[in-house]
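Below is one structure; the comments refer to it alone.
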Amino acid sequence: MANALPKLQDLETVAGVSVSELITATETHFGVPVIRASCPGGRDRAIFRVHLEDRTLIASRRRNTKGAAREKRILEYVAPCTDHFPQLIGEQNGFLFQTDMGSISLASKLSALKPSEALKIFDQAIVSVFNYQLEIGRPLPEAKVPVLFAKPEKRKYFCDGPIRTAEVFGVPLSGFEPDSVSKEFNPTDASFLKWDNRVANASVATEGTIGWFDFEDSFVGAGFEDLAWIAADEFHAFAFSDIYPLFAKRIEEFHGLAASVVLRRFNLMTTLLIALRTRRIGRHLLKRGRWYTRQEIEHSDRVGAHPTMLKALLLRGMHFAELEKETLPLVQMFDRILDQLSEARLKD
């Protein structure tokens, strides 16, 4: 993946950040020359892999100063608790430097393997969520990680999401009552949530450790929310029948007698997140008027606006929506959106 990306030295800016400023800041902080560098998240994100004489590291500069401050606090006070997160190793001129968790993204790893082998790695990613949540526990107060849905209006907006999804695609949605779902997501501070646990936001180290990164939107919550993000990710095209038993098994192992309650909330959250990802793909299509190619999606971590990815996501959404009475109305919504894609031309 990284080999197909441009070398930073050949560019003037990446996401509005001066490449020469990045190199100067890195060399000033570490006292050694930068050998080469690349932008693993594409040119739309100021995320850089920098090669020094003896190691590689990740440098970032966030546009969102609030999100950047949150990520820095998490790297300072939360990341040291677990091997599944990168470690903060310095800061210079607005750049955060952190350890490199590996050049192979989880997305690339899954794409390169046979389905049976890919599912084993996928299961390891599920387990890694339980691992880091156990290792972290409740984050230190200094981390100041906000509670998910602490503001009722935020929870309401999230649960209203499928209504906006239906509007984006111009399909009817009747019988869905967001308030009945919302009461299942009462705010809690039980576990750290990385949030946005898409496979493009993780890497696989040479020894097999799944490493997660990107914490500008992290929260604390119940815990199942991070699992739901993995299940709702459009990038992987695993069938519901292949992945659902993995989630159910791990939730039962971890939660014991409470597993049925957790699994129900996981089902609801995953369905809403699939509606969210579907909506983002739809908005991309309305704005851009075209599908992305797989290469664009894989190389620049773009939304999965590809017919194959969206079709697989919608089918998965229909299965998840069937699991709980509150989300049953979304089955027909997903199905009608799927009908709109019947003539979609595949682009690989």
Side-chain angles (χ1 to χ4, degrees), residues 44 64 67 146 148-187 193 195-198 200-201 216-217 219 221 224-235 240 264-292 297 301-307 309-342 344:
D44 296 334
N64 180 349
L148 180 67
F149 301 145
K151 296 181 179 179
E153 61 270 24
K154 295 286 188 180
R155 180 166 39 137
K156 182 181 185 305
Y157 185 79
F158 177 77
C159 293
D160 288 347
I163 298 172
R164 297 190 296 280
T165 302
E167 291 172 349
V168 166
F169 287 91
V171 299
L173 174 59
S174 60
F176 175 63
E177 299 179 0
D179 289 346
S180 66
V181 179
S182 178
K183 64 184 180 183
E184 298 289 344
F185 302 145
N186 288 322
L193 302 179
W195 197 250
D196 196 18
N197 284 58
R198 294 174 299 112
N201 285 336
E216 62 179 335
D217 296 318
F219 297 96
F224 62 81
E225 301 92 334
D226 278 357
L227 298 175
W229 271 103
I230 301 175
D233 188 358
E234 72 272 14
F235 182 89
F240 172 86
R264 166 175 158 74
R265 290 170 179 166
F266 162 76
N267 296 340
L268 293 169
M269 175 65 75
T270 301
T271 304
L272 295 192
L273 285 174
I274 289 176
L276 183 153
R277 299 306 298 175
T278 299
R279 182 165 69 253
R280 289 187 178 174
I281 293 171
R283 285 176 173 165
H284 160 82
L285 294 173
L286 289 173
K287 182 178 180 180
R288 303 284 183 173
R290 72 174 184 93
W291 298 101
Y292 281 136
I297 294 168
D301 184 22
R302 298 185 184 278
V303 65
H306 185 282
M309 290 182 182
L310 181 53
K311 288 177 181 178
L313 182 67
L314 291 167
L315 288 170
R316 202 182 318 141
M318 291 169 65
H319 285 297
F320 268 101
E322 289 174 336
L323 295 175
E324 308 296 339
K325 65 181 184 299
E326 293 89 346
T327 51
L328 271 175
L330 301 188
V331 175
Q332 191 173 44
M333 182 193 75
F334 289 133
D335 189 39
R336 284 174 168 164
I337 297 172
L338 191 60
D339 286 342
Q340 293 185 6
L341 302 178
S342 60

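Hydrogens, waters and symmetry mates are skipped; everything else that's a heavy atom, side chains included, is used.
Residue Glu153 places its CD atom among more than 12 non-hydrogen atoms of other residues, nucleotides or ligands, all under 6.0 Å distant.
Atom CG of Leu313 sits about 5.5 Å away from atom CD1 of Ile274, to the nearest 0.5 Å. Separation of atoms CG (Asn197) and CH2 (Trp229) is listed at 8.5 Å; rounding is to 0.5 Å. From Leu173, atom CG reaches atom CG of Leu330 across 6.0 Å, with rounding to the nearest 0.5 Å. A distance of 11.5 Å separates CG of Leu273 from CD1 of Ile230, quoted to the nearest 0.5 Å. Note: Phe169 CZ to Leu341 CG = 7.0 Å, rounded to the nearest 0.5 Å. One finds the CE atom of Met333 at 10.5 Å from the OG1 atom of Thr327 (value rounded to the nearest 0.5 Å).
Counting only distance, with no hydrogens or angles, the side chain of Thr270 and the backbone of Phe266 share a donor-acceptor pair below 3.5 Å. A donor-acceptor pair under 3.5 Å is absent between the side-chain atoms of Glu225 and the main chain of Met269, judged by distance alone. Between the side chain of Asn267 and the backbone N or O of Leu323, no donor-acceptor pair lies under 3.5 Å. Formation of a donor-acceptor pair under 3.5 Å by the Asn186 side chain with backbone atoms of Lys183 is found in this model. A donor-acceptor distance shorter than 3.5 angstrom exists from the side chain of His284 to the backbone of Arg290, with no hydrogens or angles considered.
When the options Arg316, Arg277, Lys311 are evaluated for a side chain to side chain donor-acceptor pair (under 3.5 Å) with Glu234, the one that passes is Arg277. In summary, of the residues considered (Asp335, Ile337, Thr165, Asp339), a side chain to side chain contact (heavy atoms under 4.5 Å, CB included) with Val171 occurs for Ile337 alone.
The aromatic rings of Phe320 and Phe240 sit perpendicular to each other, their planes meeting at more than 60°, with 30° as the lower class boundary.
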Step by step, work out the side-chain contact (heavy atoms from CB on, under 4.5 Å) result for Val331 and His319.
CA-CA 8 Å; Val331 175; His319 285 297; over 6 Å; no
Begin from the C-alpha positions of Arg280 and Leu276 and carry the test side-chain contact (heavy atoms from CB on, under 4.5 Å) through to its verdict.
CA-CA 6 Å; Arg280 289 187 178 174; Leu276 183 153; 3.4 Å; yes
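A salt bridge is absent between Lys156 and Asp179; no separation between the charged side-chain nitrogens and carboxylate oxygens falls under 4.0 Å.
Nearest heavy atom pair, residue Cys159 against residue Ser182, reads SG-CA, 3.5 Å. Closest approach of Leu272 to Pro162, counting heavy atoms only: CD2-CG, 3.6 Å.
Side-chain atoms of Phe235 and Arg198, non-hydrogen and from C-beta on, never get closer than 4.5 Å to each other. Between Tyr292 and His306, every side-chain heavy-atom pair lies at or beyond the 4.5 Å cut-off. Using a 4.5 Å heavy-atom cutoff, the side chains of Leu328 and Phe176 are not in contact. Counting only heavy atoms from C-beta outward, the side chains of Phe185 and Leu148 never approach each other to under 4.5 Å.
Residue pairs satisfying the salt bridge (charged side-chain N to carboxylate O under 4.0 Å, His left out) criterion with at least one member in residues 320-331, sequence neighbours excluded, are listed as follows: Arg264-Glu324, Arg264-Glu326.
Because its NZ or CZ atom is both nearer than 6.0 Å to the ring centre of Tyr157 and within 45° of the ring axis, Arg164 counts as a cation-pi partner of that residue.
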